[in-house]
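Quick notes on the structure that follows.
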Amino acid sequence: MNKVMKPLMTDVAVDPVTTEVVGSALMTIVEEMGKAIVRAAYSTNIKERQDCSTVIFDTEGNTLAQAERIPVHLGSLLGIADWVLKNTDLATVRSGDVFIGNDAHTGGGTHLNDIVFLEPVFYEENLVAWVSNLAHHSDFVDRGHAHIYQEGLRIPPVRLYRQGVLQQDIMDLVLLNCQVPQERINDFRAQMAANRLGVQRYQALCDKYSEPVVRAAGAQILNYAERKTRAGISTIPDGIYTHECDFDTPSYDKILHLKVKVIVDKDEITIDLRDNPEQVRAGINMVYTATLATVYFAVKALVDPDIPANTGLHRPIHVIADEGSVFNAVSPAAVYTRTDIGQRLVDMIFTALSAAVPERICAACTGGGLMTFSGVHPRTGRFYVYNEMCGGSMGGRASQDGLDGVQVHTTNTANIPVEALEFEHPVMVERYELVQDSGGAGKWRGGMTMRRKIRVLDHTATVNAGGTNSIVAPWGLFGAQDGRTTQVELGKNVAPLKNRNGLVPAGETLAMVASSGGGYGNPLDRDRELIKRDLKEERISQKAAREIYGLDV
């Protein structure tokens with residue numbers, strides 16, 4: 001009979017060296033789990049863009065280790081662990097059980113495409129930990145987003161495996177509701193393999209150091225992360241820092257006005273998001289766990305990027321958001337493009353704290369541009385989905401330009417290589433380039449954004465394309481200029497998109513140019529040699545050098 005492990009006893013002594021070794025081993029496990037998903041995955045979104053995350057929880061649901069992948073995924077991982085621990089009789093949990101879930105309102109997802117697998121780790125018949133992973137599945141396309149019932153299959157946490165045996169009826173139910181089931185089943189197998197690897201590695205760690213030592217070291221790792229976080233927060237002057245901005249998205253007709261208040265009190269920080277708009281009939285809403293994951297990333301990036309990403313980091317950070325608002329949405333709010341507003345939240349926190357720690361922050365960054373093509377593949381006769389969050393650029397920083405052509409903040413995915421994209425989907429990439437003059441001008445300029453132009457081959461594709469900052473550009477700081485707005489460039493025979501959605505006929509094109517980062521500091525303070533370098537590397541044009549930076553060329 002499997003037993004539930006009692007809460008950790010504090011009388012187990014673990015020396016600092018052993019704690020460090022065990023902590024490094026836990027991080028190695030989650031990183032190896034992530035690599036296993038990428039190597040075994042079937043879909044381009046996971047094997048090429050690496051849109052997945054992995055984590056280890058202790059028996060109380062504390063995050064022991066999170067791989068350095070997609071920060072916003074933590075919201076879904078935290079949610080399913082919390083739900084299972086609160087709503088499951090743990091005496092019924094057995095080795096080989098695997099929970100699956102994705103629902104933002106029942107079980108802790110943040111949007112339905114992110115499907116989570118959670119598996120218990122048993123050692124000598126005792127439940128000692130949980131391993132979990134999440135992958136973004138390119139499915140559930142060509143849908144409305146007025147509420148979550150339109151957005152895809154909602155899966156509350158249920159056992160997909162019982163003692164290692166697949167529950168075929170549940171799998172059949174899930175696959176029946178997927179538009180690309182042949183991808184889903186193979187990606188699910190990759191996720192299962194990653195969790196099984198995590199279970200084996202954790203058990204091997206217990207074999208080497210003993211289970212009480214591993215658990216005690218885990219508790220010390222959390223305490224260490226808390227101490228580092230508090231020390232980092234203490235370097236920010238006490239005070240109340242605020243920022244407000246407008247937020248636009250093609251998913252919603254109105255421009256929303258967002259507010260953040262950052263309260264620093266000694267070694268604790270509170271992000272107050274009260275008095276923000278109520279949740280809307282569009283997919284931009286964030287459930288509370290998504291907001292938590294976003295805030296944790298922002299604070300970690302500001303106070304000490306080297307802090308271990310575990311529950312110790314979370315302890316001194318507090319988040320207040322009105323229930324039913326865009327930052328704490330409740331059922332039946334739609335959540336598909338919740339990163340649109342999440343990316344802006346990070347920029348708002350950074351800008352609020354620019355008055356306190358200007359040397360640590362960057363100007364506003366790209367919101368990203370989501371581009372999805374779907375239809376019937378003319379060669380295979382199967383339905384396909386090509387999904388990509390197109391990167392833009394980073395805002396300028398206190399002593400460096402912003403990075404060109406990157407994802408930023410909580411997304412952090414890779415691009416799909418042109419060769420892989422064209423091999424698997426009936427499209428051709430006509431242009432893939434950095435856009436000259438697109439970064440906000442400043443003493444330190446924002447990075448250049450990218451253009452990706454896609455031609456549809458031999459069929460009509462349904463598309464969803466757009467991104468935030470189509471109207472309100474990412475802002476510059478300290479006298480710098482704003483970045484560039486998001487642009488969707490349509491071929492001459494492509495009808496205008498409505499709420500991001502439309503059709504691209506065979507032979508026609510659509511290009512995504514995501515917004516770019518704003519600059520940092522007065523452009524006239526930029527060094528002449530840097531301007532000449534920008535000209536030589538075609539980062540800016542001669543016209544920009546003359547009109548913005550005042551260089552006589």
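- Counting only residues at least two apart or on different chains, the ring-ring contact (aromatic ring centres under 6.0 Å, His included) pairs with a member in residues 303-324 are Tyr296-His314.
- Every salt bridge (charged side-chain N to carboxylate O under 4.0 Å, His left out) that Asp340 has, sequence neighbours left out, goes to Arg500.
- Side-chain atoms of Thr110 and Ser76 include a donor-acceptor pair closer than 3.5 Å.
- Partners of Met450 under the side chain to side chain contact (heavy atoms under 4.5 Å, CB included) rule, at least two apart in sequence or in another chain, are Tyr432, Leu434.
- Evaluation of the salt bridge (charged side-chain N to carboxylate O under 4.0 Å, His left out) rule for Glu424 yields Lys47 as partners, not counting sequence neighbours.
- With sequence neighbours excluded, the residues that form a side chain to side chain contact (heavy atoms under 4.5 Å, CB included) with Tyr252 are Thr249, Lys254, Leu256, Val280, Ala282.
- Every salt bridge (charged side-chain N to carboxylate O under 4.0 Å, His left out) that Asp267 has, sequence neighbours left out, goes to Arg230.
- A donor-acceptor pair shorter than 3.5 Å can be found between the side chains of Asp187 and Ser43.
- Within the structure, the salt bridge (Lys or Arg N to Asp or Glu O under 4.0 Å) test picks out the following pairs touching residues 302-325 (sequence neighbours left out): Glu226-Arg315, Lys228-Asp304.
- Screening residues 451-498 for ring-ring contact (aromatic ring centres under 6.0 Å, His included), with sequence neighbours left out, gives His243-Trp475, Tyr384-His459, Phe478-Tyr520.
- Among residues two or more places apart in sequence or in another chain, the side chain to side chain contact (heavy atoms under 4.5 Å, CB included) test is passed with Asp253 by Asn499.
- Remark: Arg154 qualifies as a cation-pi partner of Tyr149 under the 6.0 Å distance and 45° angle criteria applied to the six-membered ring.
- Listed by first then second residue, pairs satisfying side-chain hydrogen bond (donor to acceptor under 3.5 Å, both in side chains) with a partner in residues 442-453 read Glu388-Arg452, Asp404-Arg445, Glu433-Arg451, Arg451-Glu489, not counting sequence neighbours.
- A ring-centre distance under 6.0 Å is not found for His73 and His136.
- With sequence neighbours excluded, the residues satisfying side chain to side chain contact (heavy atoms under 4.5 Å, CB included) with Ala329 are Gln279, Asn285, Ala333.
- Under the 3.5 Å distance criterion, with hydrogens and angles disregarded, no donor-acceptor pair is assigned to the side chains of Ser438 and Gln436.
- Pairs passing the ring-ring contact (aromatic ring centres under 6.0 Å, His included) check and including a residue from residues 489-509, sequence neighbours excluded, do not occur.
- Side-chain N/O atoms of Thr485 and Ser515 include no donor and acceptor closer than 3.5 Å.
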